[in-house]
Amino acid sequence: MGVFPDFDGLSGIGDLRAIVGALLTFVLIVAVLMLIVSAIVWAIASAHGNYSTAGKGRVGVLVALGAAVLAGAGVAWMNWLINLGQQL
């Protein structure tokens, strides 16, 4: 028995897929830019002995990495669930 979601069952599903893809691209671009800016702030603040700002830069790096990982993991998880549904 092949179980697969019917992506053509709803009108406008193609537009929804395009919007989700565009949002995912936007999230990844913002995460990479945030990672770069936070790493620069962390490095400059550490070099000048401003440990409070360096800590905020470090938190920014970790948040940016977390956002990128979650965005990528969401796609992988959905693909895994679709493949699992096909095997049922």
Side-chain angles (χ1 to χ4, degrees):
M1 171 192 274
V3 177
F4 191 74
D6 183 17
F7 290 119
D8 296 327
L10 295 172
S11 63
I13 197 73
D15 295 335
L16 181 63
R17 289 177 119 184
I19 290 170
V20 169
L23 287 175
L24 179 63
T25 303
F26 181 72
V27 166
L28 289 176
I29 289 172
V30 169
V32 169
L33 291 176
M34 183 179 164
L35 177 70
I36 292 169
V37 170
S38 295
I40 291 170
V41 168
W42 185 8
I44 291 173
S46 293
H48 290 283
N50 191 346
Y51 298 110
S52 174
T53 305
K56 291 178 183 179
R58 182 176 46 238
V59 168
V61 167
L62 294 175
V63 168
L65 285 174
V69 167
L70 286 175
V75 173
W77 184 52
M78 286 306 297
N79 288 333
W80 178 77
L81 288 175
I82 289 173
N83 289 332
L84 182 67
Q86 288 177 343
Q87 295 173 1
L88 294 177

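Residue indices begin at 1 and follow the sequence shown.
Of the options L24, V30, L28, a side-chain contact (heavy atoms from CB on, under 4.5 Å) to F26 is made by V30 and by none of the others.
Partners of A67 by side-chain contact (heavy atoms from CB on, under 4.5 Å), not counting sequence neighbours, listed by chain and number: A31. By the side-chain contact (heavy atoms from CB on, under 4.5 Å) test, V63 pairs with M34, V59, sequence neighbours left out. T25 pairs by the side-chain contact (heavy atoms from CB on, under 4.5 Å) definition with I29, not counting sequence neighbours.
Rounded to the nearest 0.5 angstrom, L70 CG and W77 CH2 are separated by 11.5 Å.
Under a hydrophobic-cluster definition in which Ile, Leu, Val, Met, Phe, Trp and Tyr are linked whenever side-chain heavy atoms come within less than 4.5 Å, directly or via other members, I19 and V27 are assigned to different clusters. Residues V37 and L62 are members of separate hydrophobic clusters, defined by side-chain heavy-atom contacts under 4.5 angstrom among Ile, Leu, Val, Met, Phe, Trp and Tyr.
Among all heavy-atom pairs drawn from S46 and A54, the shortest one is OG-CB, 3.5 Å.
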